[in-house]
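Taking it in order: structure first as structure tokens, then the write-up.
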Amino acid sequence: MCNGNRGEDLAFQSFSLLFIYKRDRISSVSLSIFIRLLLCLCFVTIIGCTWKPRRMAHSGVHKDRGELRIHENLDELGTDLAEYIAELSEASVKERGVFAIAISGGSLIGLMGKLCEAPYNKTVDWAKWYVFWADERVVAKTHADSNYKLAKDGLLSKVPVVPSHVNSINDSVSAEEAADDYEFHVRQLVKTRTINVSDISDCPKFDLILLGMGSDGHVASLFPNHPVLDEKDEWVTFITDSPKSPPERITFTLPVINSASNVVVVVTGESKAEAVHLAIDDVGADCLSLPARLVQPTKGKLAWFLDKLAASKLDGSQFSE
Ligand SMILES: O=C(O)[C@H](O)[C@@H](O)[C@H](O)[C@H](O)COP(=O)(O)O
């Protein structure tokens, strides 16, 4: 019972006890034991009234589109996402001694914010993190459109990552040169196994690639019907005609995304519900051009972190608890 009645009951019990003590002269020892028990009862009652279990609105495994983690609200999604990333980090550091994570831009960074709070700001082995971008806008790193600036301001400046482990793009060259330069840099870190390598495709095998998704189903800077979706050899490519501003970007290609050990797609809001439905449910051939539909890790694990609004058009019959 978590309401005022409990408080009244406790007050009545305490008063009754004091009355009996005076009348029957109960020993002060028994009285102090009883009062301690009463205080413990109060504490347990208060905890019982305030503790909220971390509730996931729904979780399940889609028959071939990975794990769905659907949340009531952004706060709960952020808590679950932080825990998920922390667990992947711990497992990777244990296995490989490092955690190579590639992030995207957009609302994803804000939803990662709980990693900057207790306990993760202290429990995550941040010194073992190597941070990369799954896509980046070709603008100065100080520009408001920069994904590096977004992540630095919203996450990296608040946790003790090693600055030299933060791998941003060369922002002083053209989009094509920035893509070539970034790919060369990734190749060097694959050689040292800071980034793992896929035993199937020789692609870099990031421990985790975090993606957002647009309402058109784009992920990273891979947009619908764009030729870069067919890029099979390069690890990092570039576009100069992004339908989402700014126009010039570099991006991981699908072979790199699908070689990752873990891919997480974080999508929130009703405006994305149709794209989520097309990216996850079996809706026939017309969804195959959707970039998010083409995210299908070869051996890695795919997980979707959704709020209820983004998940509102999903066909629940296609996934099991
Ligand atoms: O550089 C970018 O623009 C992002 O990497 C992009 O892929 C983003 O993740 C999606 O557009 C979703 O963005 P929102 O979550 O902000 O809608």
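These numbers were taken from a predicted model, which means no experiment stands behind them. Numbering of ligands and ligand atoms starts at 1, following listing order.
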Q: Examine Ala220 against ligand 1 and note whether any of their N/O atoms are separated by less than 3.5 Å.
A: yes
Q: Before signing off on this row, confirm whether Gly105 and ligand 1 have an N or O atom pair separated by under 3.5 Å.
A: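 So ligand 1 has an N or O lying under 3.5 Å from an N or O of Gly105.
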Q) What part of Leu211 sits under 4.0 Å from ligand 1 if we count only heavy atoms: the side chain, the backbone, both or neither? A) neither
(Q) Please classify the Ala134 to ligand 1 contact at 4.0 Å (heavy-atom distances, strictly less than): side chain, backbone, both or neither. (A) neither
Q: Check the surroundings of atom CD in Glu117: do more than 12 heavy atoms from other residues, nucleotides or ligands lie under 6.0 Å from it?
A: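 Atom CD in Glu117 is packed in, count exceeds 12.
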Q. More than 12 heavy atoms of other residues, nucleotides or ligands under 6.0 Å from NZ of Lys232: is that the case?
A. yes
Q: Report the member of Arg137, His218, Lys272 with the shortest heavy-atom distance to atom 11 (O) of ligand 1.
A: His218
Q. When you measure from the centre of the six-membered ring of Phe99, is the NZ or CZ of Lys128 under 6.0 Å away and within 45° of the axis?
A. no
Q. Using the ring of each side chain (for Trp, its six-membered ring), is Tyr84 parallel, tilted or perpendicular to Phe305, with breaks at 30° and 60°?
A. perpendicular
Q: Kindly assign one of parallel, tilted or perpendicular to the pair Phe132 and His185, based on the angle between their ring planes and the thresholds 30° and 60°.
A: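 Phe132 and His185: tilted rings.
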Q) Among the heavy atoms of Glu136, does any lie under 4.0 Å from an atom of ligand 1? A) no
Number the atoms of ligand 1 from 1 as they appear, then name those within less than 4.0 Å of a heavy atom of [X], with their elements.
{"X": "Gly212", "answer": "9 (O)"}
{"X": "Met213", "answer": "12 (C)"}
{"X": "Arg249", "answer": "1 (O), 2 (C), 3 (O)"}
{"X": "Gly106", "answer": "13 (O), 16 (O)"}

(Q) Testing the 3.5 Å rule here: is there a donor-acceptor pair between the side chains of Glu177 and Ser174? (A) yes
Q. Do Ser198 and Ser201 have side-chain N/O donor and acceptor atoms under 3.5 Å apart?
A. yes
How far is [atom] from its nearest protein heavy atom, and which residue and atom name does that atom have?
{"atom": "atom 5 (O) of ligand 1", "value": "Asp135 OD1, 2.7 Å"}
{"atom": "atom 8 (C) of ligand 1", "value": "Lys244 NZ, 3.7 Å"}
{"atom": "atom 16 (O) of ligand 1", "value": "Ser107 N, 2.9 Å"}

Q) Partners of Trp304 by ring pair (Phe, Tyr, Trp, His ring centres under 6.0 Å), sequence neighbours excluded? A) none
Q) Can you list every ring-ring contact (aromatic ring centres under 6.0 Å, His included) pair that touches residues 227-284, not counting sequence neighbours? A) Phe206-Phe252
